[in-house]
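Source: prediction; values computed, not measured.
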Amino acid sequence: LLGASKEAEQERMITAQYAARLEEQKKESARMEKDHATLTDLLRQECVALKAKTQENARLAQQQSALATSQGAVQHKKIAMLEQQLAGAREVSKEKEGTQQMLVEWGEENNKKIAKIEQEYFALKDCVRREQETARYWQQRSVILQQSSARLLGASKE
């Protein structure tokens, strides 16, 4: 009887320990479920924010693509126009190669004429400057002579 009671006591202790561990595991499981729910909610919120950000980035990328396409089309039109102008200029250049030498010679002659005209211009300008200086000199002399005449007249009246 004593052995059976010891065995029963041991079984109760093992059962109590098992029940305590089971209760502890239930609490741990409940805490883990709560943490899991919290993390799942945070992850869901992050996914919603990320989806909104991704949609905004896609919208911006689409705008940039449309703008780049538009600018590219404009650039291609400009390039085509410039190529046409270049082709036209090359054609004109070929037509005018013969006259280019004549233009160079004409330009050289004109440069010589311009140099001669400039030389005459500066000579005339210098002459005008000297004449103005001479006129100022004689004007000053005239004023001095008038003042002297006035003094002499004043002295002769006295």
Please list, chain by chain and in numerical order, all residues satisfying side chain to side chain contact (heavy atoms under 4.5 Å, CB included) with [X], sequence neighbours excluded.
X	value
Glu83	Ile79
Gln62	none
Leu22	Tyr18, Gln25, Lys26
Trp138	Thr134, Arg141

Other residues, nucleotides and ligands only: do more than 12 of their heavy atoms fall within 6.0 Å of [atom1] on [X]?
X	atom1	answer
Glu24	CD	no
Gln119	CD	no
Gln139	CD	no
Met81	CE	yes

Give every donor-acceptor pair under 3.5 Å between a side-chain atom in residues 66-73 and any protein atom, sequence neighbours left out.
| unit_1 | atom_1 | unit_2 | atom_2 | d |
| --- | --- | --- | --- | --- |
| Thr69 | OG1 | Ser65 | O | 2.7 |

Subject >> Fellow cluster residues of Tyr121, listed by chain then number, with links counted only when side-chain atoms sit under 4.5 Å apart >> reply: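 Direct or chained contacts put Tyr121 with Phe122.
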Original post:
In the hydrophobic clustering (ILVMFWY, side-chain contacts below 4.5 Å, transitive), which residues join Leu50, or is it alone?
Top reply: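 Once heavy-atom contacts under 4.5 Å are chained together, Leu50 still belongs with nothing else.
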**OP:** Name all residues meeting the salt bridge (Lys or Arg N to Asp or Glu O under 4.0 Å) criterion together with Glu28; count only those two or more places apart in sequence or in a different chain, and write none if there are none.
**Re:**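 If we apply the salt bridge (Lys or Arg N to Asp or Glu O under 4.0 Å) test to Glu28, skipping adjacent residues, the hits are Arg31.
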Subject >> Residues in salt bridge (Lys or Arg N to Asp or Glu O under 4.0 Å) contact with Arg129, at least two apart in sequence or another chain >> reply: Asp126, Glu133
Subject >> Contact list for residues 57-71, test salt bridge (Lys or Arg N to Asp or Glu O under 4.0 Å), sequence neighbours left out >> reply: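 Every salt bridge (Lys or Arg N to Asp or Glu O under 4.0 Å) pair that includes a residue of residues 57-71, provided the two are not neighbours, is Glu56-Arg59.
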Subject >> Any pair counted as salt bridge (Lys or Arg N to Asp or Glu O under 4.0 Å), so long as it reaches residues 100-112, sequence neighbours left out >> reply: none
Original post:
When you look at Gln132 and Arg136, which way does the side-chain contact (heavy atoms from CB on, under 4.5 Å) test go after all the steps?
Top reply: CA-CA 6 Å; Gln132 288 174 343; Arg136 275 195 297 272; 4.1 Å; yes
Reported [atom1]-to-[atom2] distance for the pair [X] and [Y], which is rounded to 0.5 angstrom:
X	Y	atom1	atom2	value
Ile117	Lys113	CD1	NZ	8.5 Å
Leu153	Gln146	CG	CD	11.5 Å
Asn111	Glu118	CG	CD	9.5 Å
Lys6	Met13	NZ	CE	11.5 Å
Ser29	Lys27	OG	NZ	13.0 Å

**OP:** Can you spot which of His76, Lys77, Lys78 makes a side-chain contact (heavy atoms from CB on, under 4.5 Å) with Val74?
**Re:**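 Filter result, single survivor: Lys78.
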**OP:** Decide yes or no on salt bridge (charged side-chain N to carboxylate O under 4.0 Å, His left out) for Arg12 and Glu9, but give the supporting numbers first.
**Re:** CA-CA 5 Å; Arg12 273 185 259 143; Glu9 181 65 31; 3.2 Å; yes
Side chains of residues 40-47: which donor-acceptor partners sit under 3.5 Å, not counting sequence neighbours?
| unit_1 | atom_1 | unit_2 | atom_2 | d |
| --- | --- | --- | --- | --- |
| Thr40 | OG1 | His36 | O | 2.6 |
| Asp41 | OD1 | Arg44 | NH2 | 2.8 |
| Asp41 | OD2 | Gln45 | NE2 | 3.1 |

